[in-house]
Each structure stands twice: as structure tokens, then as C-alpha cells.
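Notes to accompany the following structure.
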Amino acid sequence: MKFTNKILPFYLVFGASLFLFSCKKEAENGVITIASSESIKTDSTVQYKEPYRPQFHFSPEKKWMNDPNGMVFYKGIYHLFYQYYPDDIVWGPMHWGHATSTDLIHWTHKKIALFPDKLGMIFSGSAVVDLKNTSGLGTKENPPMIAIFTYHDMAGEKAGRTNYQTQGLAYSRDEGETWVKYDGNPIVKNSGMKDFRDPKVFWNTDSNLWNMVLVAGDHAQFYTSENLISWTLESEFGKNIGAHGGVWECPDIFKLKVADTNEEKWVLLISINPGAPNGGSGTQYFVGDFDGESFKTTQKDIKWIDNGADNYAGVTYNNTPDNKRIFIGWMSNWSYARDTPTKNWRSAMTLPRELSLAKINGDYILKNAPVEQFKKQGTTAFSKDEIILKANQKTTVDYQYLNQSVVQLNAKNKNLKLVFSNEVKDSLVINYDAKLKTFAIDRTHSGIVNFEKSFGEKIHNTKIPNIRTETIDYQS
């Protein structure tokens with residue numbers, strides 16, 4: 001989103017008298033805190049000041065980017081690989097781009113990691129560090145970093161074959177700087193499934209085996225391996241459960257402890273396009289049990305990691321400190337991703353989020369919040385003690401750098417409307433209906449919205465049935 005004026009005031013409209021106070025520790029009696037930050041710079045010469053360039057979200061230096069891939073932490077470094085086309089700002093023959101970070105906020109752009117070859121383009125996948133050198137592709141003293149990804153043979157697709165997607169392997173002996181394709185590729189062949197892709201691999205400490213989950217059209221498949229090279233199909237999941245408005249993509253599976261209990265459950269992520277709750281692309285999740293071979297759930301309803309239109313293909317990091325489950329998604333939607341009005345680059349990633357699991361009213365709910373590191377990036381630029389408003393009263397605050405700020409407030413669990421606007425009447429509206437327990441985001445007048453019909457066509461709504469608190473924290 002791009003507002004056309006530097007001065008971007010916002011005002012608050014309340015359907016009833018409310019008391020507001022800040023949720024930040026350093027301003028416990030304030031109503032609103034705006035944390036301002038200068039543009040985040042990288043090692044690149046690009047200063048990230050182009051129109052629409054996000055300042056807190058990862059974006060490529062130039063050209064096209066989509067799904068996050070190969071997310072792994074090793075020796076103090078977070079590696080982010082991603083679907084990348086280096087020759088244009090629209091989707092093309094896929095490579096793996098690469099960036100690294102020590103804090104998930106400041107990123108260093110690296111050279112392209114994986115290039116297409118005779119077996120096909122390099123589609124989505126994952127990366128692990130083979131600490132025990134089970135693959136034999138490194139040594140125990142210098143364990144290899146292993147990438148497992150989907151090959152997409154465009155010639156095979158055009159010829160009408162159904163087995164044009166297979167799984168390949170590449171390895172790095174210098175911590176991700178350079179990569180070598182495995183001579184025996186593909187390591188998982190295709191028996192004739194049209195959509196057979198996006199392997200997520202991890203070491204299962206319960207079974208002491210490698211696990212892989214990938215998608216096969218309308219369901220997920222689970223595999224095991226002792227060496228990352230030879231894989232055995234163990235089970236399938238999902239043909240008759242969950243959302244099926246479009247093809248299944250980009251799976252992930254991991255174990256989380258249920259908050260305030262000793263219980264542990266497994267969470268399976270499945271992205272779907274189309275069929276998301278607010279149109280186009282979205283990511284659903286299932287909570288259940290996994291024995292290293294098969295995943296089972298008693299879940300009946302469809303659950304989404306969030307209901308926004310711009311969080312797709314998200315997966316989590318392997319090997320994180322303190323076993324934190326850190327998630328990054330592609331901050332776009334296939335309905336309009338190719339049309340967003342940028343010139344030198346296209347697409348960005350969501351903020352890194354830490355996932356957690358809670359049980360609310362007998363139901364397992366996946367929660368997420370920006371990683372702790374973001375709290376250290378801003379300075380308090382504006383705060384105020386308690387504000388008391390009468391019904392439909394407006395309070396307006398002007399701040400020059402709102403596009404690079406975080407707005408935080410805490411309000412009673414009653415009707416609330418936040419309107420972010422400017423002098424040329426662009427606006428973004430967030431509306432909470434306390435009776436219906438629904439949030440709505442209206443971006444129909446948020447600036448340039450006519451680059452593609454569905455982007456600004458309708459107000460996005462989401463139900464929040466599990467809100468039980470007397471107050472609600474807002475962060476925008």
C-alpha cells in the first residue's frame with residue numbers, strides 16, 4: 001500500500017465511550033504508541049526507497065520473488081531461500097534466491113543458490129543441516145547443508161505428461177555459500193501425479209529418522225529416510241478433510257507444546273490456491289498427532305493461519321534456537337501478485353512470526369505474533385495518557401512517518417473503528433464489531449487499488465469467536 005502524501009493522519013471512531021491505554025511496558029498509561037524506524041539498509045547499494053518498498057518486511061533487491069524456501073538456522077545465521085526469477089518482475093523460470101540474517105530483520109542478499117538444469121526449474125522445498133552426515137555428502141566435522149526441492153519439467157508439462165514434477169537434492173559444504181546438485185537426481189520420482197511438489201524435510205528426534213511431507217494434488221504424503229536420499233512413502237492425508245477450493249501446496253509439519261499444559265500436539269500447514277476465506281491464496285492448518293509415519297486429526301472445522309489475503313506458502317524454520325517455531329509467508333496473493341504496481345522488484349515476505357498453540361474452549365488454536373526482535377527496532381515517537389471518547393467522537397493524530405511506524409493501543413472489548421487517512425482522502429479502515437466478534441479491513445480506497453479487480457473489490461472480514469478478554473490489543 002502507498003499513501004500519496006507524507007503526512008498521514010489517522011483518527012479513531014468509537015461506537016461507545018471507551019478508555020484506551022497502551023500495551024507497551026514503557027508507556028503503560030498511554031493510549032497510542034507509534035514506533036518509528038528509519039529505512040532498513042542492507043549490504044546492497046539499493047537504499048529501499050522506491051515507491052511501495054516495505055521497510056520492515058524482506059523484499060528482493062530486484063526482480064520477481066514468491067514462496068519462501070529452505071528456511072534453516074545454522075551457526076547464528078538465519079538462511080532464507082525463496083522462489084526467484086532474476087530476469088523480470090513477473091513469474092518466470094524459477095531459481096532459488098538466497099539471503100541471510102542474524103536477527104530476522106536486517107538481511108544480506110546473497111548470490112543465487114540454485115539454477116534450473118536439464119531436469120527442470122527449481123520449485124519450492126526445504127533445507128536442513130545433516131549434522132550426523134547421514135547422507136555421506138559431507139563429514140561429521142563439516143556437516144553438509146542439504147536442500148530438497150521440486151524439479152518442474154516445463155517441456156514435460158507442455159507435452160501433456162503428468163509426471164513432470166519430481167524431487168531433487170543439492171548440498172553445500174560451505175554453509176550455504178555454494179551448492180552442488182546430487183548426481184542421482186531425482187531422489188523421489190513421480191508415478192503420474194500432476195501436482196507433486198514442495199517437500200518439507202526435518203529430523204524427527206522421536207523416531208531418529210528424516211521425515212518428509214509433500215503435496216500430491218488434493219492431499220499430503222509422508223515419507224521417511226535414513227540418509228535424505230532414499231525415501232519410503234509411509235502414508236497419505238487429507239483427501240476428504242479440510243479446504244479443497246484449489247490445489248494443495250507448501251506443506252509443513254511440526255510439534256508444539258500446548259500453552260499452560262504438558263500436552264504436545266502436531267500442527268500440519270497446507271497452503272491452498274484458490275479457496276482462501278477472503279479470496280485467492282491462503283494457508284490452512286490441522287492439529288493432530290504424528291507418529292513419524294502418519295498424521296491423524298479429530299479436527300472437523302477448517303482453520304486458517306490467518307484470514308488476510310496476503311499470507312501464502314508460509315513455512316517454518318528448521319533448527320531454531322530454543323526450538324522456537326518461526327514462520328515466514330509470501331506477502332501476496334496469486335489473484336493479483338503479478339500486477340502490483342512496482343517497477344524494479346515485486347513481492348515481499350510477511351514479518352517473521354513465532355507460532356504457539358493454545359487450547360481455548362476445548363479447541364486447539366494456532367497463535368502467532370511478530371518475533372521478539374522487532375520490539376527493539378523502534379523508538380517511541382508519540383504516546384499519550386488515557387483518552388476518554390464519547391460515542392462517535394473522533395480524535396485525529398498527525399505524524400509524518402506513519403508509513404514506517406507501528407501503532408499500538410489497547411481498548412475495551414466494544415465496537416471500534418480505526419481510520420488511517422491522508423489529505424487526498426486515501427484511507428484504510430479497520431472495524432471491530434463486538435457483538436458479532438468480527439474484524440473487517442477495508443482497503444477499497446487505500447490509494448492505487450485498480451491495478452487488479454480483486455485487490456480492492458471488497459471489504460475483508462474475519463470472525464474471531466475465541467475473544468474472551470475484556471480488552472483487546474491492537475497493532476497496525
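Values below: every heavy atom of this structure, side chains too, minus hydrogens, waters and symmetry copies. Residue numbers count from 1 along this sequence.
Side-chain contact between F237 and V213 is absent, with no heavy-atom pair separated by less than 4.5 Å. Inter-residue side-chain proximity for H109 and H98 is flagged as unmet; no heavy-atom pair is nearer than 4.5 Å. Using a 4.5 Å heavy-atom cutoff, the side chains of Y474 and V407 are not in contact. The shortest distance between side-chain heavy atoms of F295 and D289 does not fall below 4.5 Å. A heavy-atom distance below 4.5 Å is found between the side chains of Y74 and E175.
Under the side chain to side chain donor-acceptor pair (under 3.5 Å) criterion, T178 pairs with D174, sequence neighbours left out. Every residue two or more places apart in sequence or in another chain was checked for a side chain to side chain donor-acceptor pair (under 3.5 Å) with S207, and none qualifies. Residues passing the side chain to side chain donor-acceptor pair (under 3.5 Å) test with E372: none are found, sequence neighbours excluded.
The closest donor-acceptor contact from the side chain of S332 to the backbone of D310 lies at 3.5 Å or more, if one exists at all. Between the N368 side chain and the S356 main chain, no donor and acceptor come within less than 3.5 Å of each other. Of the possible polar contacts, one joining the H244 side chain to the I241 backbone as a donor-acceptor pair under 3.5 Å is found. D130 contributes a side-chain N or O that, together with a main-chain N or O of S135, makes up a donor-acceptor pair within less than 3.5 Å. Looking at N450, its side chain never comes within 3.5 Å of a backbone N or O of K453 through a donor-acceptor pair. With Q284 contributing its side chain and G242 its backbone, the two residues share no donor-acceptor pair below 3.5 Å. A distance-only check finds no donor-acceptor pair linking the side chain of T438 to the backbone of T462 [under 3.5 Å]. Here the side chain of T444 pairs no donor or acceptor atom with the backbone of E457 at under 3.5 angstrom. Checked by atom type and distance alone, the side chain of H57 never pairs as donor or acceptor with a backbone atom of P54 at under 3.5 Å. For the pair N204 (side chain) and W210 (backbone), a donor-acceptor distance under 3.5 Å is absent.
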Does the pair N69 and S124 meet the rule for a side-chain hydrogen bond (donor to acceptor under 3.5 Å, both in side chains), with working shown? CA-CA 6 Å; N69 299 153; S124 290; 3.1 Å; yes
Intermediate values then yes/no, ring-ring contact (aromatic ring centres under 6.0 Å, His included), Y164 and Y151: CA-CA 8 Å; Y164 53 82; Y151 272 120; over 10 Å; no
With side chain to side chain contact (heavy atoms under 4.5 Å, CB included) as the test, would you mind laying out the steps for Q83 and M65 before giving the verdict? CA-CA 6 Å; Q83 293 285 276; M65 178 186 75; over 6 Å; no
Might you work through the side-chain hydrogen bond (donor to acceptor under 3.5 Å, both in side chains) test for Y223 and Q221, ending with a clear yes or no? CA-CA 7 Å; Y223 295 75; Q221 293 185 341; 2.6 Å; yes
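Rounding to the nearest 0.5 Å places CG of L418 at 5.5 Å from CZ of F420. For the atom pair CG (N361) and OH (Y364), the distance works out to 13.5 Å, reported to the nearest 0.5 Å.
For residues 178-202, every residue pair satisfying the salt bridge (charged side-chain N to carboxylate O under 4.0 Å, His left out) rule, not counting sequence neighbours, is listed here: D117-K181, D195-R197, R197-E249, K200-D252. A ring-ring contact (aromatic ring centres under 6.0 Å, His included) check over residues 166-197, counting only residues at least two apart or in different chains, returns the pairs F81-W179.
Relative orientation of the W248 and F286 rings is tilted, given thresholds of 30° and 60° on the angle between their planes. The aromatic rings of W266 and F202 are tilted relative to each other, their planes meeting at an angle between 30° and 60°.
Note that R325 lies outside the cation-pi zone of Y317, set by a 6.0 Å cut-off to the ring centre and a 45° limit from the axis.
A salt bridge links K303 with D363: the distance from a Lys NZ or Arg NE/NH1/NH2 to an Asp or Glu carboxylate oxygen falls below 4.0 Å. Note on D153 versus K158: no salt bridge recorded, every NZ/NE/NH1/NH2 to OD/OE distance being 4.0 Å or above. A salt bridge links D206 to K255: one of the charged nitrogens lies within less than 4.0 Å of a carboxylate oxygen.
H79 and F73 have their aromatic ring centers separated by at least 6.0 angstrom. In this structure, the ring of F123 has its center less than 6.0 angstrom from the ring center of H152.
A side-chain contact (heavy atoms from CB on, under 4.5 Å) with F254 is found for one member of L268, T316, V315 and no other, namely T316.
In the displayed structure, K437 atom NZ is contacted under 6.0 Å by more than 12 heavy atoms of other residues, nucleotides or ligands. No more than 12 heavy atoms of other residues, nucleotides or ligands shown are found within 6.0 angstrom of NZ on K367. Enclosure of atom CD in Q373 by more than 12 non-hydrogen atoms of other residues, nucleotides or ligands within 6.0 angstrom is indicated.
A pairwise comparison of heavy atoms in W96 and A147 identifies CZ3-CB, 3.7 Å as the closest pair.
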Exercise answer: donor-acceptor pairs, residues 85-92 side-chain atoms, under 3.5 Å, sequence neighbours excluded:
none

